[in-house]
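Report on one structure; see the data block that follows.
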Amino acid sequence: MAKLEILEIPDPRLRTVAKPVETFNDELLRLIADMTETMYFADGIGLAATQVNIHKRVLVLDVSEAQDHPRVYINPEILDSEGTETCEEGCLSVPGIYAEVSRAEKIRISAQHADGSIFEEELDGMHAVCLQHEMDHLVGKLFVDYLSPLKRRMVTKKLEKQRKVAGPKTSKALL
């Protein structure tokens, strides 16, 4: 397995729309394993392939308390949603920034397992929020896109300040 570099805003590759996965093979299994390792290494609860510059509709997440129950969603689609829930979100591609975002409270999704088999699932709470957040990445959308223009400018300024303080990127590109 290998840790992958996580893209950070304003990298334009984060805006790339991912293509559906059509081939289910060892290369896909390796990608899933690498993404899962990268997510855990970065202390994240979700990671979309777009964030590691792989533009396929693949995402991994683990919202379990012990961080020991990774889930894989390939070619996910939301079939139905209900309610609204607002919670504070952060993102590995927008480090150190958190903001309130409203999303569907409950969702019913269809996706594929790593072997290509299709499954449906009903999700709520953090699992639903996280999946919606990661699915946004697959269409080139970031959680900061839900913020007002004023809040987005504040986020941009904060990130610029963080980068100036941090200096040039170290070899540990995931932090």
Side-chain angles (χ1 to χ4, degrees), residues 1 4 6-7 9 14-95 97-148 151:
M1 291 192 291
L4 306 170
I6 298 173
L7 303 177
I9 65 169
L14 287 167
R15 300 301 185 170
T16 304
V17 175
K19 294 186 179 349
V21 172
E22 296 176 356
T23 305
F24 296 80
N25 57 17
D26 287 344
E27 183 181 327
L28 178 62
L29 293 174
R30 197 167 26 263
L31 172 63
I32 291 166
D34 291 347
M35 286 176 60
T36 302
E37 180 180 8
T38 301
M39 174 186 69
Y40 286 139
F41 181 80
D43 292 325
I45 61 170
L47 186 68
T50 302
Q51 292 176 272
V52 294
N53 200 30
I54 307 287
H55 303 289
K56 295 180 180 178
R57 292 188 55 79
V58 177
L59 61 89
V60 297
L61 58 86
D62 187 344
V63 296
S64 67
E65 217 171 286
Q67 287 276 278
D68 62 355
H69 192 66
R71 302 293 311 271
V72 177
Y73 296 87
I74 301 167
N75 299 326
E77 293 182 43
I78 295 176
L79 303 174
D80 194 21
S81 65
E82 64 180 71
T84 302
E85 182 175 0
T86 301
C87 66
E88 187 173 70
E89 291 187 22
C91 181
L92 296 174
S93 292
V94 190
I97 303 296
Y98 300 90
E100 295 284 322
V101 177
S102 292
R103 296 192 184 272
E105 182 179 16
K106 295 180 182 181
I107 58 174
R108 187 168 58 89
I109 62 109
S110 172
Q112 290 174 275
H113 292 292
D115 65 4
S117 62
I118 296 171
F119 67 96
E120 287 189 16
E121 198 169 46
E122 290 189 21
L123 307 170
D124 61 8
M126 182 56 73
H127 200 156
V129 168
C130 186
L131 189 73
Q132 291 171 82
H133 174 109
E134 299 308 330
M135 285 180 68
D136 276 351
H137 282 295
L138 301 178
V139 294
K141 191 170 187 175
L142 298 165
F143 84 98
V144 294
D145 297 339
Y146 290 95
L147 305 179
S148 69
K151 285 186 179 178

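Positions are given from 1, in the same order as the sequence printed here. Excluded from the calculations below are hydrogen atoms, water molecules and symmetry mates; all remaining heavy atoms, backbone and side chain alike, are included.
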Can you name the nearest heavy-atom pair linking [X] to [Y], along with the distance?
| X | Y | answer |
| --- | --- | --- |
| L28 | F24 | CD2-CD2, 3.5 Å |
| V58 | L138 | O-CD2, 3.8 Å |
| L92 | G46 | CD1-O, 3.9 Å |
| H137 | C91 | NE2-SG, 3.4 Å |
| R103 | Y146 | NH1-OH, 3.4 Å |

Any donor-acceptor pair under 3.5 Å linking the side chain of [X] with the backbone of [Y]?
| X | Y | result |
| --- | --- | --- |
| D62 | D68 | yes |
| E89 | H133 | no |
| D26 | L29 | no |

Original post:
Would the number of heavy atoms belonging to other residues, nucleotides or ligands and lying under 6.0 Å from CD of E88 be above 12?
Top reply: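 Buried by this count: over 12 neighbours within 6.0 Å.
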**OP:** Any chance you could lay out the salt bridge (charged side-chain N to carboxylate O under 4.0 Å, His left out) test for R71 and E134, step after step, and finish with the verdict?
**Re:** CA-CA 12 Å; R71 302 293 311 271; E134 299 308 330; over 6 Å; no
Original post:
Could you go step by step and tell me if H55 and T50 meet the side-chain contact (heavy atoms from CB on, under 4.5 Å) rule?
Top reply: CA-CA 5 Å; H55 303 289; T50 302; 3.9 Å; yes
How long is the gap from [atom1] on [X] to [atom2] on [Y], to the nearest 0.5 Å?
| X | Y | atom1 | atom2 | result |
| --- | --- | --- | --- | --- |
| H69 | L61 | NE2 | CG | 9.5 Å |
| I107 | L131 | CD1 | CG | 4.5 Å |
| L14 | K141 | CG | NZ | 15.0 Å |
| L7 | N53 | CG | CG | 5.0 Å |
| I97 | L142 | CD1 | CG | 12.5 Å |
| I109 | L79 | CD1 | CG | 7.5 Å |

Using the test side chain to side chain donor-acceptor pair (under 3.5 Å), find all partners of [X] that sit at least two apart in sequence or belong to another chain.
| X | value |
| --- | --- |
| S93 | Q51 |
| R15 | D145 |
| E37 | none |
| E120 | R108 |

**OP:** Could you tell me which residues satisfy side chain to side chain contact (heavy atoms under 4.5 Å, CB included) with V72, sequence neighbours excluded, listed by chain and number?
**Re:** I32, V60, I74
Original post:
When you look at I45 and M126, which way does the side-chain contact (heavy atoms from CB on, under 4.5 Å) test go after all the steps?
Top reply: CA-CA 10 Å; I45 61 170; M126 182 56 73; 4.0 Å; yes
**OP:** Output every pair passing side-chain hydrogen bond (donor to acceptor under 3.5 Å, both in side chains) with a member in residues 72-83, not counting sequence neighbours, ordered by first then second residue.
**Re:**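 Pairs touching residues 72-83 that pass the test: Y73-E121, Y73-H127, N75-Q112.
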